[in-house]
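Reading through the structure tokens given below for one structure.
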Protein chains: 2
Amino acid sequence: MTIRLLLADDQALVRGALAALLSLEQDLDVVAEVGSGADVLDAVREHRPDVALLDIEMPGLDGIEATRAVVAAGLGTRVLVVTTFGRPGYLRRALQAGASGFVVKDVPATQLADAVRRVHAGLRVVDPTLAADSLVSGDSPLTERETDVLRAARDGASVAVVAERLHLSQGTVRNHLSAAIGKTGGDNRAAAVRVAEANGWL
Amino acid sequence: MTIRLLLADDQALVRGALAALLSLEQDLDVVAEVGSGADVLDAVREHRPDVALLDIEMPGLDGIEATRAVVAAGLGTRVLVVTTFGRPGYLRRALQAGASGFVVKDVPATQLADAVRRVHAGLRVVDPTLAADSLVSGDSPLTERETDVLRAARDGASVAVVAERLHLSQGTVRNHLSAAIGKTGGDNRAAAVRVAEANGWL
DNA sequence: CGCGAGCCCTGACATCTGTCACGGCGAGGT
DNA sequence: ACCTCGCCGTGACAGATGTCAGGGCTCGCG
């Protein structure tokens, strides 16, 4: 009995290459490929794959949201998240969204098929090096408002612009920013943005 | 007669997948795979491939430097650069380094083999959508010092730290930063960093 | 109810940042 | 030799930023 697969990755070349790689395995069958998170759910409904391989970095609906949607659909499709960046926050958020496995694109090619088989068997597959990091970095320490403000200031917007965009006073924006800077251990907003992005807190 | 290929990509999974994809073609033969830019030159010397597929984003020696080294070796190996990010600056720098072709990982999988064949035939292969962008964005308008300073300030370092690191006065650092901000069209250093990175000027 | 914890919001103050006008230096043209 | 132009370096100044102390609000708990 073959395992039916859905592939989602916005980079056509990578998607096709993964399809070629997985098709070499006798017991795996790629039944659908999509290039955006928004198309995942429809494809799952139509093809009923056993396992969905989702990339996190996709425009529009990202892999995390797509995972949530697939799991919520309740069709028995298990999700294996595949990502370029081994950020601790991604792992945590993917598992919270209901993913059954999480692998980084750094793993040897031969291990991907194994990961698929394990996920299909109901096991959890987690990159071991990431698991440790994820525990120490834990949940985001930022409050909702702090996250909003930091996100708005991400690409260099001034306090005035952020305040305008979020309908706050400038003092409030500065205060949230200050809190975020303190919590991330940086010296200024740019450093705070780097840390928060690296941990998947934005 | 088959075309002999070298694959370089730091992500083992992507590398293996590309190998599987290209091996499906009758006239292509993957003779070597490496996971870092530093290993490229040795592998080229040992296996004498016709075409080398190099990813730009690699730790240590990046794809641009590796291209330069392969071309300088003068063994007749042509370079096809494959990258995740379609930044105009990358294309320009890759071609300046002597690459024969440049494709983004967004292209359909079937086109990669064609690109390889064209490069092997001595043609230039350039993603057409990028070519236009590259011309308008052109060379970096930043002077050497401005680039240094902006690079040092990239992850949120304060003026004092940058000045220390580059052995300059704080006033000078501020001035270079100011010039970079003006040239990039931003309002502050964070915006300048974004723009410069997006154009491959750093 | 009374209380404390946590979050959001604000204004005042010291510090940092970006701008500006200016001088020195080397390369290339006249 | 002279001039010009572009890049590097510098200090003074206004404006933006980060810190701090503090008030109002909701929510859960004794």
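Values below: all heavy atoms of this structure, side chains included; hydrogens, waters and symmetry mates excluded.
In this view, A:Arg154 and A:Glu197 satisfy the salt bridge (charged side-chain N to carboxylate O under 4.0 Å, His left out) rule, not counting sequence neighbours. Partners of A:Glu164 under the side-chain contact (heavy atoms from CB on, under 4.5 Å) rule, at least two apart in sequence or in another chain, do not exist in this structure. In this structure A:Arg68 satisfies the salt bridge (charged side-chain N to carboxylate O under 4.0 Å, His left out) test together with A:Glu65, sequence neighbours excluded. Among residues two or more places apart in sequence or in another chain, the salt bridge (charged side-chain N to carboxylate O under 4.0 Å, His left out) test is passed with B:Arg15 by B:Glu33. Every residue two or more places apart in sequence or in another chain that forms a side-chain contact (heavy atoms from CB on, under 4.5 Å) with B:Ala99 is listed here: B:Thr67, B:Val79, B:Val81, B:Ala94. Applying the salt bridge (charged side-chain N to carboxylate O under 4.0 Å, His left out) criterion to A:Arg117, with sequence neighbours excluded, gives A:Glu25, A:Asp27, A:Asp114. Applying the side-chain contact (heavy atoms from CB on, under 4.5 Å) criterion to B:Thr147, with sequence neighbours excluded, gives B:Leu142, B:Arg151, B:Leu202.
One interatomic measurement links the two molecules: CD of A:Glu144 to P of D:dT26, which rounds to 16 Å at whole-angstrom precision. Distance, A:Leu142 CG to C:dG6 P: 16 Å, rounded to whole Å. Atom NZ in A:Lys183 sits about 16 Å away from atom C1' in D:dG18, given to the nearest Å. Following rounding to the nearest Å, B:His176 (NE2) and D:dT10 (P) show an atom-to-atom distance of 9 Å. The interatomic distance linking B:Gln170 (CD) with C:dT17 (C1') rounds to 10 Å, in whole Å. At whole-Å resolution of the value, CG in B:Leu166 and P in D:dT10 are 12 Å apart. Here the C1' atom of nucleotide C:dG18 and the CG atom of B:Leu150 are 14 Å apart, to the nearest Å. Distance CG (A:Leu177) to C1' (C:dC8): 15 Å, rounded to an integer number of Å.
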Polar atom pairs between nucleotides 20-22 of chain C and protein, under 3.5 Å, N or O only, would you list them?
unit_1	atom_1	unit_2	atom_2	d
C:dC20	N4	B:Asn175	OD1	3.2

Taking only nitrogen or oxygen atoms into account, show me every contact under 3.5 Å that the protein makes with nucleotides 23-29 of chain C, one pair per line with its distance.
none

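Between B:Thr143 and D:dC7 there is no side-chain N or O to OP1 or OP2 distance below 4.0 Å.
Residues in residues 36-48 of chain A take part in no salt bridge (charged side-chain N to carboxylate O under 4.0 Å, His left out) pair, two or more places apart or across chains. Applying the side-chain hydrogen bond (donor to acceptor under 3.5 Å, both in side chains) test to residues at least two apart or on different chains, the pairs with a partner in residues 169-180 of chain A are A:Ser169-A:Thr172.
Each of B:Val159 and A:Arg145 was matched to the nucleotide of DNA chain C holding its nearest heavy atom; the match closer to the 5' end belongs to A:Arg145. Each of A:Ala157 and B:Leu168 was assigned the nucleotide of DNA chain D with the nearest heavy atom; the assignment lying further toward the 5' end belongs to B:Leu168.
A salt bridge is absent between B:Asp9 and A:Lys105; no separation between the charged side-chain nitrogens and carboxylate oxygens falls under 4.0 Å.
Under the 3.5 Å distance criterion, the side-chain polar atoms of B:Asn188 are matched with a main-chain donor or acceptor of A:Gly156. At least one donor-acceptor pair under 3.5 Å links the side chain of A:Thr77 to the backbone N or O of A:Pro49.
Using a 4.0 Å heavy-atom cutoff across all strands shown, B:Ser169 reaches sugar-phosphate atoms only and no base atom.
Against DNA chain D, the stretch residues 184-197 of chain B makes no heavy-atom approach under 4.0 Å.
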